[in-house]
Each structure stands twice: as structure tokens, then as C-alpha cells.
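Written below as C-alpha cells is the structure these notes are about.
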Amino acid sequence: MDYFSELNEAQREAVDTTEGPLLVLAGAGAGKTKTITYRILNLIKKGTPAENILAVTFTNKAAKEMEERISKLLGENPELNRPISISGKPFVSTFHGLGAFIIKENWKDAGVKKHFSIYNREDSKRAVKESLQKNDYDPKQFEPGKILSIISREKGNFVTADGYFEGAGSEYFGGIVAKVWQDYEIILRKENALDFDDLLLIAAKLLNKEEIRKIYNNRWKYVHIDEYQDTNKVQYRIAEAIVRDHQNICAVGDIDQNIYSWRGANIKNILNFEKDYKKAKLVVLEENYRSTKTILAVANKIIEKNKFRREKILVTKNAVGERVGIFEALTENHEAQFIVEKVKELQKSGVISSEIAVLYRANFQSRVLEEEFLTKNVPYQVLGTRFFERKEIKDILAFLRFCLNPESIPDLKRIINVPPRGIGKTTLLKIVEGKEDLLPTGMKIKMNSFRDLLRRIKNFALENPPSKTILFIAEEVGLNKNLEKTEEGIERIENIKELAVLASRYDKSNPEDGIEKLLEDTSLTSDQDSDKEEKDGVRLMTVHASKGLEFSYVFVTGLEEGLFPHDKNNDENVSEEDAEEERRLFYVAVTRAKKKLFLSYTQSRTIFGSKGVNIPSEFILEIPDEYLEREFLDYTPKHKPLLHIEF
């Protein structure tokens with residue numbers, strides 16, 4: 001069987017280059033995941049034990065897809081010379097999952113307890129708010145989310161709280177962040193918890209210890225890093241430490257899709273790859289399997305103006321396809337009307353709703369769009385509502401976490417009155433402060449009953465599969481009885497049952513390990529990971545959220561100067577390198593489309609109560625007329641265009 005037969009020439013070159021550093025510049029839709037999975041297959045075919053292979057990406061969804069593809073390829077090729085091994089499969093993970101794995105294997109060296117909790121963003125914001133209040137700062141004046149973003153970015157740059165404090169100097173706001181950050185770390189330690197950024201920072205620190213670094217260097221002889229352009233300083237250091245001795249790193253990415261600098265992604269990591277790894281080989285994947293020739297011509301034209309990139313021209317064997325539709329609206333309401341009417345036309349022609357996406361630069365733009373979809377009774381789904389964010393799911397997982405980690409105050413606060421058991425804030429405060437002996441007799445009885453419940457759950461959890469434990473908690477706590485009274489409650493019970501189905505994936509492990517892995521995986525879900533059930537409907541999302549996805553028909557809205565590109569580009573403090581990110585973001589939006597692309601902008605738009613007259617985006621002006629066709633709404637009055645284009 002020629003398992004190379006499905007690969008093009010460039011993909012084959014990448015797959016067959018198994019030794020030493022390799023940089024694969026993979027254009028949008030060029031089959032990078034396919035290239036990585038076939039490269040792993042090739043390594044195993046050549047005799048590499050599967051457990052000596054590591055593949056790291058950024059979202060659980062991407063990691064799961066990669067793992068499934070690898071398993072499928074291995075299953076289809078039983079004749080491979082596969083050594084007998086313990087695990088028999090590569091380690092495929094997100095960066096945060098990898099960090100958690102390294103910390104759990106070295107928890108004593110990491111300075112944490114074995115059963116540590118992983119803070120999600122809401123937990124972290126709560127702790128930052130507490131830290132602000134402790135230092136007499138008003139959380140309304142100093143928004144916890146903003147301070148958390150600063151802390152997150154600094155941790156990604158390998159900066160600690162103490163290091164930031166020393167560098168803050170006399171700067172007013174920097175001093176506030178420094179004080180809050182130090183108290184935030186105290187709360188984390190007190191609650192035996194790590195936040196998302198700690199998973200990377202602590203793992204990187206562990207890998208600074210030569211004896212620990214050697215363990216993973218010897219374990220993972222071949223390392224693949226997907227979306228390398230999105231790595232920050234800490235992620236770069238983790239990867240570099242693991243491959244330092246053997247240099248067998250395959251970095252796959254696209255400079256033109258670097259759109260997360262605001263999260264700390266450092267484009268220099270991919271630009272400087274060949275300097276960092278002297279004997280690196282470069283392979284460029286330019287054949288696109290997704291889009292029409294017209295869409296790719298527009299994408300190439302847009303991105304060629306960026307200076308911070310490696311030249312790459314996307315090509316395809318696909319059809320020329322339709323020209324790009326361009327619609328000039330009077331207002332944002334007019335724009336929404338056009339989009340919904342065009343969607344209805346597509347649906348009548350047989351297009352499946354889920355194959356249509358509406359993209360926008362800023363979240364606030366979705367409101368008008370949603371109103372129009374609702375008014376016209378057209379089903380839609382806003383990307384972002386996740387299964388693990390639902391109350392009943394968070395409650396069940398909090399019970400599980402607290403049983404393993406009774407120092408987790410956020411989980412205690414969440415479950416102590418689920419369902420209501422008459423324990424108020426004053427009682428909770430005394431419990432947290434260790435003053436439970438001061439409680440009235442009646443309240444002590446309630447607390448003893450609550451603790452008995454937790455003991456029963458813990459004892460059951462340590463002796464039974466995770467899936468049974470989920471159902472046990474729902475019944476023992478009284479959630480089922482409390483929820484079955486309403487139609488919404490019945491839906492929530494069904495969600496709990498779905499959680500039990502998901503938990504059954506971990507039933508083969510011993511109960512304690514299974515629960516730990518379940519809690520870890522659910523904690524590491526991101527905003528790009530799918531809900532448990534994707535309902536039928538048009539997809540609405542930001543351009544950032546669309547990265548990695550593809551749709552037959554794509555609408556890119558709000559193409560106005562100041563909105564897309566964003567007005568941050570006019571800031572004198574923005575570097576040329578960062579300014580190019582808006583163009584990369586538009587490039588990502590364009591390359592999501594397979595068959596047809598629609599672009600729209602408005603003459604005027606009301607933003608946060610203020611109405612302004614717009615100038616069409618420079619991105620539209622840069623597209624040659626030959627690729628464009630004007631779109632109209634028949635039932636709306638004609639208006640004088642701001643942008644005169646002859647097609």
C-alpha cells in the first residue's frame with residue numbers, strides 16, 4: 001500500500017523529512033493536519049515507537065481531530081513495522097494539557113499538591129477581584145478582566161509576580177497590577193490551584209531542571225508543534241527544552257495567520273526558526289484544497305502587502321468559482337437585512353445552514369445580526385456557548401473537584417447551596433476563615449450533613465467508574481429531584497446524562513486517575529472547542545473564533561476603516577509588525593470560504609450609542625475589480641454609493 005499516494009509533492013517532502021529540525025509553512029487549506037499525521041505514520045513505519053512521538057496543538061478540538069486521524073491511519077495500515085510498546089500511541093495534546101501532564105508527573109518539584117485545581121477564567125477573575133478589594137482598589141474602576149489579561153500576558157513572557165513587581169517601579173497602574181498580582185498568587189497557593197498560564201510557566205520552569213528535561217527529551221524523540229506562529233515565549237521554551245539534544249522538531253504554521261499577538265503570540269518564533277535551529281529544512285505548502293481560484297486570488301492580493309512574512313502564493317486545482325459579492329449598506333440594520341435575505345436565497349437553493357458563516361471583527365456587531373435572524377425566523381448559532389459552561393455541569397464538576405481538593409474555595413462556594421440547603425454568606429465566611437466552632441448548633445448540624453454528603457461522594461468516586469460517579473452525584477445531592485420540576489430542568493438532567501456519557505471515556509482507568517483526567521480535560525476546554533451538540537443554523541462568530549474552520553459561504557461584515565481594520569492601527573504606539581495583524585485577520589476571514597465570499601460595509605454605523613459616517617475599508621479598495629460583483633437588496637431604496645466601482 002502506497003500511503004504517500006494521497007499527498008502532493010511538498011507534503012511528501014515534509015512527511016519524508018524525519019530527522020532534524022523542519023519548518024513547514026502551510027498556507028490556509030493546504031492540508032497541514034494531514035501532513036503532520038502522515039509524518040507521524042511514516043515515523044512509526046520506519047520503526048519509531050509510537051510513544052516516542054509528541055504532537056502539540058492549541059485547542060482540544062484540534063488535538064482530538066489529530067488523534068483520531070492518527071488512530072485511523074494506524075488502523076488502516078496493520079502491516080506497519082510497529083514495535084511492541086506500552087502505550088502504543090503518540091502523545092497528542094494541547095500546550096496546556098502538556099503542561100498539566102508534566103506538572104502532575106513532577107508535582108513535588110513543582111511545589112504543588114498532587115490534586116491541584118485548575119482555575120478557569122471566571123475563577124481567576126474572582127480571585128483578582130478579591131485581590132483588588134484587599135488592596136482597597138475599586139473593581140469597578142480597575143476592571144479585573146483587564147488586570148487578569150495583563151497578568152496572563154506577562155506569564156506568557158516568562159515573567160513572575162515578583163519579577164513584575166521589581167520592574168513596575170514608580171508607574172502608577174503597573175504598581176497596582178504588581179500588588180494585585182502578588183495577592184492573586186497567595187490566593188492560588190491557599191486554594192491549591194493553578195491558572196491556565198501557570199500550567200505553561202511552571203512546566204517551563206520544571207524543564208529548566210536538567211534531570212527533568214532529560215526525561216522528556218528521552219521520552220519524546222520526535223516533536224511536532226502545530227500552529228507554531230501562535231506560540232508565546234513560554235511555549236517556545238517548552239518546545240525548545242524538549243528537543244534540545246536531538247533537535248527533531250517539526251514546526252508547522254502560517255505566518256500569514258498570526259492573529260493572536262494580543263494573547264502574547266510572538267510572530268518572531270516562526271520568523272526566526274531557521275536562526276534558532278541552524279540545520280533547519282524549509283518546506284512550503286502552497287496548494288490549497290479548500291477554496292476557489294477567485295477567493296485565493298483575493299487572499300494572495302491582500303496579504304502580499306505585509307512585510308513581516310515569507311513569500312507564499314496559494315494555488316489550487318479547484319474551479320475559478322464565482323466573483324466576490326460586495327454590498328454597501330446604508331446602516332448596520334440594512335447590512336443585516338441583506339445578509340439574512342441572501343442566506344434565505346442560499347437555503348432555498350439547497351445550501352445547508354451550517355455551511356454558512358457570518359464573521360465580524362467585534363462581538364458587539366452580533367446584536368443587530370441576531371435580531372434580524374430572529375425577526376426573519378432563520379435559525380442561527382453564535383459560536384461560544386459551551387457545554388461545560390452550563391450551570392448543572394459546572395455544579396457536578398465542582399462536587400467532584402472539591403472531593404479531591406477540599407482546599408478549593410471556589411468549588412466550596414459553588415456547591416455549598418446546591419441545591420439550596422439554607423447555608424448563608426455569613427456561615428460560609430466563618431467556614432472559610434476556620435471559625436466553624438462559632439456557628440449556631442442548627443447550622444453545625446447542616447454542615448455535618450453536608451460533609452457526610454461529600455464523604456459519600458468521595459468514597460463512591462474512588463471505587464467506581466467516573467460515569468457512574470456523575471450519575472451518583474446527581475441523585476445523591478438531589479439535583480435530579482430539584483430539576484425535574486420544570487421543562488428547563490428536564491433539559492438540564494439530560495445534560496448531566498450527557499456528561500456521564502462523556503465521562504465513560506475515562507472508565508477504563510482506575511477511578512481516581514479517570515476522575516483526574518476528566519477534570520483536567522474539562523478544565524482545559526477553550527472558546528474554540530465545540531459545544532456537545534452543534535445545532536442546525538447559520539454560524540455567527542468573530543473572525544478570531546473562525547480560525548481553523550471552513551464554510552461553503554462566508555459573509556465578512558463591517559469592512560469600514562476604524563472597525564476592520566480596527567482603529568488601533570492609528571495608534572502611534574502600535575508597531576508596524578502589530579499593525580499588519582489586521583491584514584492577517586482579514587486574510588484568515590477570506591480563506592474560510594470554499595465556494596463564495598460576500599463582503600459588506602455601511603455608510604453609517606451606530607457604535608455604543610454614537611452614530612458615525614464611514615469610509616470603506618482599505619482592504620476592499622485593494623481587491624481588483626475583476627474579482628468583484630456588486631450585490632443589491634431589491635426592496636430597499638437605491639442610494640448613492642460611497643465607493644464607486646465599475647464591474
Side-chain angles (χ1 to χ4, degrees), residues 115 117-131 133-134 139 144 187-188 190-193 386-461 469-500 503 515 518-519 522-523:
H115 298 301
S117 296
I118 299 173
Y119 268 13
N120 61 29
R121 186 167 174 81
E122 288 307 308
D123 293 330
S124 293
K125 283 173 73 174
R126 183 266 312 165
V128 168
K129 185 178 179 181
E130 279 185 31
S131 303
Q133 292 168 332
K134 182 179 178 181
I187 293 172
L188 283 168
K190 181 182 176 183
E191 297 179 0
N192 187 31
R386 292 182 287 137
F387 178 61
F388 296 111
E389 288 300 315
R390 293 173 180 172
K391 183 183 183 301
E392 61 276 13
I393 302 303
K394 292 173 85 170
D395 290 343
I396 292 281
L397 295 176
F399 272 104
L400 261 183
R401 262 194 308 270
F402 191 76
C403 286
L404 289 182
N405 179 18
E407 293 168 302
S408 178
I409 303 303
D411 289 322
L412 174 62
K413 288 180 177 179
R414 180 167 197 96
I415 65 177
I416 201 163
N417 266 314
V418 175
R421 53 176 59 89
I423 300 175
K425 290 182 179 178
T426 303
T427 300
L428 180 59
L429 184 62
K430 287 182 179 178
I431 293 167
V432 171
E433 292 176 345
K435 299 177 180 177
E436 194 171 332
D437 57 315
L438 300 178
L439 292 175
T441 303
M443 194 56 68
K444 286 181 180 178
I445 293 171
K446 288 182 180 180
M447 282 306 302
N448 288 336
S449 175
F450 177 64
R451 286 210 167 85
D452 284 339
L453 169 67
L454 294 175
R455 272 191 289 272
R456 291 197 301 275
I457 293 173
K458 182 176 181 178
N459 291 338
F460 188 93
T469 299
I470 299 295
L471 298 174
F472 177 84
I473 292 172
E475 195 61 42
E476 196 74 5
V477 169
L479 282 176
N480 287 347
K481 188 177 180 180
N482 195 54
L483 290 172
E484 63 190 7
K485 299 171 185 175
T486 65
E487 188 172 332
E488 182 187 8
I490 292 170
E491 184 180 343
R492 290 184 173 186
I493 291 172
E494 289 174 354
N495 290 335
I496 294 171
K497 290 178 180 177
E498 181 64 24
L499 179 63
I515 288 172
L518 169 66
L519 291 173
T522 55
S523 295

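The figures that follow rest on heavy atoms only: side chains count, while hydrogens, waters and symmetry mates do not.
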Heavy-atom pair of closest approach, residues [X] and [Y]:
X    : Y    : result
K125 : P144 : O-CB, 3.9 Å
G422 : M443 : O-CE, 3.6 Å
V418 : F399 : O-CZ, 3.4 Å
F450 : I416 : CZ-CA, 3.9 Å
L397 : L519 : O-CD2, 3.9 Å
V477 : L453 : CG2-CD2, 4.1 Å

Salt bridge or not for [X] and [Y], using N-O below 4.0 Å?
X    : Y    : value
E476 : R456 : yes
R126 : E191 : yes
K394 : E122 : no

Apply side chain to side chain donor-acceptor pair (under 3.5 Å) to [X] and list each qualifying residue two or more places apart in sequence or on a separate chain.
X    : value
Q133 : none
D452 : R455
N120 : none
E407 : K113

From [X] atom [atom1] to [Y] atom [atom2], the distance as rounded to the nearest 0.5 Å:
X    : Y    : atom1 : atom2 : result
I457 : I473 : CD1   : CD1   : 5.0 Å
L479 : L471 : CG    : CG    : 11.5 Å
I415 : L454 : CD1   : CG    : 5.0 Å
T426 : L438 : OG1   : CG    : 12.5 Å
I393 : T522 : CD1   : OG1   : 10.0 Å

Whether [X] side chain and [Y] backbone form a donor-acceptor pair below 3.5 Å:
X    : Y    : answer
S131 : A127 : yes
S408 : N405 : no
K444 : D437 : yes

Would you please test R414 and E392 for salt bridge (Lys or Arg N to Asp or Glu O under 4.0 Å) and show each step?
-> CA-CA 11 Å; R414 180 167 197 96; E392 61 276 13; over 6 Å; no
Partners passing ring pair (Phe, Tyr, Trp, His ring centres under 6.0 Å) against F472 (at least two apart in sequence or in another chain) |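 For F472, the residues satisfying ring pair (Phe, Tyr, Trp, His ring centres under 6.0 Å) (neighbours in sequence not counted) are F460.
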What residues, two or more places apart in sequence or in another chain, satisfy side-chain contact (heavy atoms from CB on, under 4.5 Å) together with N417?
-> R421, I423
